[in-house]
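As structure tokens, the structure follows; a few thoughts come after it.
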Protein chains: 2
Amino acid sequence: MDEIVELSAGVVRTSRTMNDGRTIRYYDTAGQTRTVADQRPQEEQPGIGELRLDPLVNEWVAMAAHRQGRIFLPPKELCPLCPTTGDLLTEIPENDFEVVVFDNRSPSLRPPDGDFALPDMVGSDTDEGAAAGKCEVICFTADHGGAFKSLSPQRVRTLLEAWRDRTAELSQLPFISHIAPFENRGEEIGVTLAHPHGQIYAYSYLPPRVTKMLDVARAHHTKTGRVLFDDVLARELRDGVRIIARNEHWVAYTPYASRYPFEIHVVPLQPVADLTDLAPAACDSFPSIAIEVMQRLDGVFGIDMAYIAAWHQAPVREGRDLLRLHWQITSVRRAPGKLKYLAGSESAMGAFIMDMKPEQSAQQLKDVKL
Amino acid sequence: MDEIVELSAGVVRTSRTMNDGRTIRYYDTAGQTRTVADQRPQEEQPGIGELRLDPLVNEWVAMAAHRQGRIFLPPKELCPLCPTTGDLLTEIPENDFEVVVFDNRSPSLRPPDGDFALPDMVGSDTDEGAAAGKCEVICFTADHGGAFKSLSPQRVRTLLEAWRDRTAELSQLPFISHIAPFENRGEEIGVTLAHPHGQIYAYSYLPPRVTKMLDVARAHHTKTGRVLFDDVLARELRDGVRIIARNEHWVAYTPYASRYPFEIHVVPLQPVADLTDLAPAACDSFPSIAIEVMQRLDGVFGIDMAYIAAWHQAPVREGRDLLRLHWQITSVRRAPGKLKYLAGSESAMGAFIMDMKPEQSAQQLKDVKL
């Protein structure tokens, strides 16, 4: 049964069920009707993976043993994220779309059967749990050769609405603790599909970095009565030298202690916990700064930069008043022919070494002629 | 002034000063005399880098702004880690060597001038400190085309003695908090010099992963009275299925919650805090298991595997009774043409997703015919 819902900013969501039971959601702005059925044969779904505790650092590792065979950089004519236009039946049955979100065909995390509870994190003898959660794919455009930086402002607004919608819906699932929409771009970081798209990971546990941010924010609040991220933002606004773009509602900067050659945080000036809390005016002014930042990033070396662009949100059920929404873009490209690798110091010890200061990358980003 | 010191296992260390003031140390077992002078012109040393606090996670990031121009994959005839044999004056003035350690020419961390203290870690307004520490390079062999797995057992014993010596000496420096010898291997992980070598990072601060391990070990000890790593080892010995090699004094296994397609921990059965605490018998039985593990790793796909092999030691001045020595080898190679990349979930959220279970990688490692 289709479900049609009107969202903000003139976006209408049509949800349909795919042949294998997965859901696809079309986010439209031009009154489209979505009726084309998924023609593909049914496919058996593997079971849920395992969640194992790394006892040395008390962190969960998800094990999804069935993902080894997934498709790797198919040619355009075999792209599963393009609309279905000829004989190739893709993930999107319709022959055109604006923004679509569908359940990942090879998800790392799956909804659990029945009631779900995480195992207690108790040390070296913790039994494995289920790798519960939900993984979705979000396509930004039907244009296989496009990129985030080339989207129209209206399209980015629709994309933001889709991210907000997914955050709102996934937050309702009782087994979800944290929601992270992100985009990986570039073969250099392992992207297997070139079509412009992102992913939404909804975790049943707090990801380790979120746990750490929450612990540090809580200690800061206990000590000062203030929200840490607000103090960090105030310092960046005061220092000024690392700000690369700004409008009435958003600011973008290379943070004081950047870990990557190009790391950019895009932050709403009115702090909120997550995407659903953004005021309409903040939503409407996001596309201009988002597109500007992505154009500056590709402009530095005049090449398509590999990057990870991830939304940090407050967790669904805790720390809502301690963590703040921000969009973190990190690129490992330090020069046209050179990448930063995470080797011994970063990978084994967690100790990041930067070859350039963020004041320098900020200047390079500001110097780009748009 | 040369300094000659007799170490264990018949290893003699000769320390000499290079033209720019750096020290080179030859670890020899055959009575060599080391007298060849460094003929290269003096080179100005850049100043110490910055240590900046990432306030969102309360972790130090070292900024070494002068490393951008370092040499990248030179051909064999220009290798700076080969002995000096013709017109090319390399880092090693002698025309042959067994194992050498010299101060890194482009170190991320440098000894501080005068007294040194870390800034307090206090949040969003912490001032930067000095990126104090020491970075050394360790060459395993004069053979440019060699590899750890091809070293003789005697050479690995000498290498171990050099690591032990560096740990002992660097521990004496008042500004050093933690010592991590590691080897990065493979262009896939950014290695810029193919000559078989490793690095020794001596940090003036606890690397973030060490801080985390120490916190978790302390909580476990408070709760149970036991050392966490000993319980982890006991579980691996009990489970057995992930053990890939073993001798009287060491065991090697793919840990229960591995984060990489091939992750191996090589652990002394008699627990110790660091390399200097290893008993002579444990030292003498390390080469056989170390070489076996590296041969198994390369044997899985019949190719040279990219890996990071890092010694985890207890910190120099705290947690000596809570953290245990182990050698952690991680490889991002999941199939002959495929790497595991750290993208959105791992990099931005710290949440590792594994595509295969360590029981499977253990089986593949055990199946290798040596």
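Remember, it's a predicted structure, so these values are computed and weren't measured experimentally. Chain naming here is simple, since letters A, B, ... match the order of the sequence lines and numbering starts at 1 in each.
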Which value, rounded to the nearest 0.5 Å, describes the distance between A:L339 atom CG and B:I189 atom CD1? 13.0 Å
Under a 4.5 Å heavy-atom cut-off, does chain A meet the side chain of [X], its backbone, both or neither?
X: B:F352; value: both
X: B:N184; value: side chain
X: B:Y307; value: neither
X: B:V61; value: both

Is [Y] paired with [X] through a side-chain N to carboxylate O contact shorter than 4.0 Å?
X: B:R324; Y: B:D230; value: yes
X: B:D355; Y: B:K338; value: no
X: A:E50; Y: A:R52; value: yes

Interface moiety of [X] toward chain B, non-hydrogen atoms closer than 4.5 Å:
X: A:E128; answer: both
X: A:K223; answer: side chain
X: A:N58; answer: both
X: A:A217; answer: neither

Will you find, in the side chains of B:H265 and B:E263, an N or O donor that is under 3.5 Å from an N or O acceptor?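 A donor-acceptor contact under 3.5 Å links the two side chains.
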Check the pair B:Y203, A:S345 against side chain to side chain donor-acceptor pair (under 3.5 Å), reporting the backbone distance first and the verdict last. CA-CA 10 Å; B:Y203 300 90; A:S345 187; 2.6 Å; yes
Top contributor to chain B interface from [options] [non-hydrogen pairs under 4.5 Å]:
options: A:E59, A:R259, A:M349, A:E188; result: A:M349
options: A:A351, A:P358, A:A62, A:G350; result: A:A62
options: A:V57, A:D231, A:L51; result: A:V57

Based on non-hydrogen pairs under 4.5 Å, which of B:P55, B:G123, B:A131 is most in contact with chain A?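 Sorted descending by pairs with chain A, the first entry is B:P55.
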Looking at B:Q328, B:E346, B:H312, B:H220, which makes the most heavy-atom pairs under 4.5 Å with chain A?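 Highest number of pairs under 4.5 Å: B:H312.
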Are A:R185 and A:F148 in a cation-pi setup, meaning NZ or CZ lies under 6.0 angstrom from the ring centre and within 45 degrees of the ring axis?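 Here A:R185 fails the 6.0 Å and 45° test against A:F148.
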Would A:R333 and A:F301 count as a cation-pi pair here, with the cationic atom under 6.0 angstrom from the ring centre and within 45° of the axis?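 Because its charged atom misses either the 6.0 Å distance or the 45° angle limit, A:R333 does not stack over A:F301.
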Pick one: which of B:Y201, B:W327, B:W311 meets ring pair (Phe, Tyr, Trp, His ring centres under 6.0 Å) with B:F182?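 Answer after filtering B:Y201, B:W327, B:W311: B:Y201.
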